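Here is the structure we will look at, set down as structure tokens.
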Amino acid sequence: MNLGLKNKNALITGGSQGIGLAIAKALAEEGCNVAIGARGRERLEQAAADLSKLGVKAVPVSVDFMTEDGCRSFVDNAVAALGGCDILVNNVGGTIPGNLATFTAEKWHEIVDINLMSYVYTTKFAVPHLKKSKAGRILNVSGVSGRMLSPGAYSTTLTNAAVIGFTKLTANDLAPFNVLVNSLAPGTVNTESWGPRAERMATIRGTTVDQVRNALAGMSLLNRLAEPEEMGWIAAFLVSEKNSYMTGTTVESGGGRDKVPGLS
Ligand SMILES: NC(=O)c1ccc[n+]([C@@H]2O[C@H](COP(=O)([O-])OP(=O)(O)OC[C@H]3O[C@@H](n4cnc5c(N)ncnc54)[C@H](OP(=O)(O)O)[C@@H]3O)[C@@H](O)[C@H]2O)c1
């Protein structure tokens, strides 16, 4: 299927590794130009260089999405370099170690700023550009914890649920402009950041890293973690013109995690 992404311009937050980079790659493979935002310059520039080998414009934008100014700067620089914005993928963020008893007020602010407010601000600055596109699309990467119990996942559950709500609100506001807004909710994806996370979980539970990974895999019907590129393929469809009638929706991509007895 030709997704009709050729020569479109996409902005991806947190695009230097993991799910964000996999989404950027899936879009670039369809001929879509991409701007990727993250803090670490070296990895960001390497990722952009690799993406540009696919024959598209790939622009690295080094920013910190923890602040409103960082989000504005990402959109301004990316749009200036690409010449417009047809697609925004809000993806930056992740798990911050801790729980209800240990998180300080400062940590909670950090969690909300990166996992939720970065989506809100980046969307705010991208909307005027998306309205100029004939088929604007926003994809908010959330997570299954926003929908179902994921024990102990305080730093992502609250913000994922909020991102799903934000997706519905903005889908409503932007429908008159043919800007479609959806959310992708992964289960456990085999990204680099799972390395240290699995080690922490193993220490807390007194098990091995392999046992942690096997337990996570067992939470899906497919009995394995997802690979990042599998999220990229779903994302590419959701932000394409071939997705012309889904908006305000959250697509769960947890390998059937919600179907495993005892977890939902
Ligand atoms: N992996 C999973 O199992 C999983 C499951 C469900 C949902 N998700 C969600 O999917 C998204 C991506 O997860 P991932 O595992 O792919 O993450 P990841 O591998 O840790 O990558 C995070 C990306 O965001 C950038 N980043 C982090 N903090 C930033 C900041 N303050 N400012 C600018 N850039 C920043 C990182 O680069 P720098 O550090 O260089 O800035 C990197 O490019 C997150 O929203 C996460 O909650 C992940």
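Numbering of ligands and ligand atoms starts at 1, following listing order. All values derive from a computational prediction rather than experimental measurement.
Residue E192 places no heavy atom under 4.0 Å from ligand 1. Using a 4.0 Å cutoff on heavy atoms, R43 does not count as a contact of ligand 1. In this structure, Y119 is part of the shell of residues with a heavy atom less than 4.0 angstrom from ligand 1. Within the structure, ligand 1 has S142 among the residues with a heavy atom less than 4.0 angstrom away.
Close approach of ligand 1 to V63 (heavy-atom distance below 4.0 Å) involves ligand atoms 32 (N), 33 (C). Using a 4.0 Å cut-off to heavy atoms of D64, the atoms of ligand 1 that qualify are 30 (C), 31 (N), 32 (N). For ligand 1, the atoms sitting less than 4.0 Å from at least one non-hydrogen atom of M66 are 31 (N), numbered in the order shown with element in parentheses. In summary, the atoms of ligand 1 found under 4.0 Å from a heavy atom of I114, numbered by their order in the structure, are 30 (C), 31 (N). Those atoms of ligand 1 with a heavy atom of S16 less than 4.0 angstrom away are 37 (O), 42 (C), 43 (O). The distance from ligand 1 to the heavy atoms of G18 drops below 4.0 Å at these ligand atoms: 16 (O), 19 (O).
Scanning the protein for heavy atoms near atom 11 (C) of ligand 1, the closest one is N91 O, 3.1 Å. In this structure, the protein non-hydrogen atom closest to atom 34 (N) of ligand 1 is A38 CA, 3.4 Å. In terms of protein heavy-atom proximity, atom 47 (O) of ligand 1 is nearest to G94 CA, 3.4 Å. Residue, atom and distance of the protein heavy atom nearest to atom 32 (N) of ligand 1 are F65 N, 2.9 Å. Of the protein's non-hydrogen atoms, the one nearest atom 26 (N) of ligand 1 is V92 CG2, 3.5 Å. The single protein non-hydrogen atom nearest to atom 27 (C) of ligand 1 is R39 NH2, 3.5 Å, given as residue, atom name and distance. In terms of protein heavy-atom proximity, atom 15 (O) of ligand 1 is closest to T191 OG1, 2.9 Å. In terms of protein heavy atoms, atom 25 (C) of ligand 1 is closest to G14 CA, 3.8 Å.
For S193, a nitrogen or oxygen atom sits less than 3.5 Å from a nitrogen or oxygen atom of ligand 1, counting backbone and side chain alike. An N or O contact shorter than 3.5 Å is missing between G20 and ligand 1 by distance.
Residues M117 and V112 meet the side-chain proximity criterion, which asks for heavy atoms closer than 4.5 Å. For the pair S150/T156, no side-chain contact is recorded, criterion being any heavy-atom separation below 4.5 Å from C-beta on.
When each of T170, L174, V179 is tested with V127 by the rule side chain to side chain contact (heavy atoms under 4.5 Å, CB included), just one qualifies, namely L174.
For the atom pair S142 OG and L116 CG, the distance stands at 11.5 Å (nearest 0.5 Å). Rounded to the nearest 0.5 angstrom, T123 OG1 and I138 CD1 are separated by 5.0 Å. Taking CD of E30 as the start and OG of S240 as the end, the distance is 8.5 Å to the nearest 0.5 Å. Once rounded to the nearest 0.5 Å, the distance linking CZ of R137 with CZ of F237 reads 9.5 Å.
Of the listed options A226, G187, P186, G187 places a heavy atom closest to atom 5 (C) of ligand 1. Evaluated by nearest non-hydrogen atom to atom 4 (C) of ligand 1, the leading choice among I19, L216, T188 is I19. Closest heavy-atom approach to atom 22 (C) of ligand 1 within the set S253, G93, G143: this belongs to G93.
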Handout entry: Chi angles and distances behind the side-chain contact (heavy atoms from CB on, under 4.5 Å) call for S253, M231
Key = CA-CA 8 Å; S253 50; M231 300 302 107; 3.4 Å; yes
Practice task
Any chance you could lay out the side-chain hydrogen bond (donor to acceptor under 3.5 Å, both in side chains) test for N190 and R213, step after step, and finish with the verdict?
Solution key: CA-CA 9 Å; N190 190 20; R213 284 186 171 271; 3.2 Å; yes
Problem - From CA spacing to verdict: side-chain contact (heavy atoms from CB on, under 4.5 Å), I111, L158 - result: CA-CA 9 Å; I111 290 164; L158 274 67; over 6 Å; no
Handout entry: Residue pair T122, T13: steps toward the side-chain hydrogen bond (donor to acceptor under 3.5 Å, both in side chains) verdict
Key = CA-CA 9 Å; T122 307; T13 74; 5.9 Å; no
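Side-chain contact check for R257 and T188: at least one donor-acceptor pair (N or O, by modelled atom type) lies under 3.5 Å.
A 6.0 Å sphere centred on CZ of R200 holds more than 12 heavy atoms belonging to other residues, nucleotides or ligands. Surrounding CZ of F125 are more than 12 heavy atoms belonging to other residues, nucleotides or ligands, all under 6.0 Å away.
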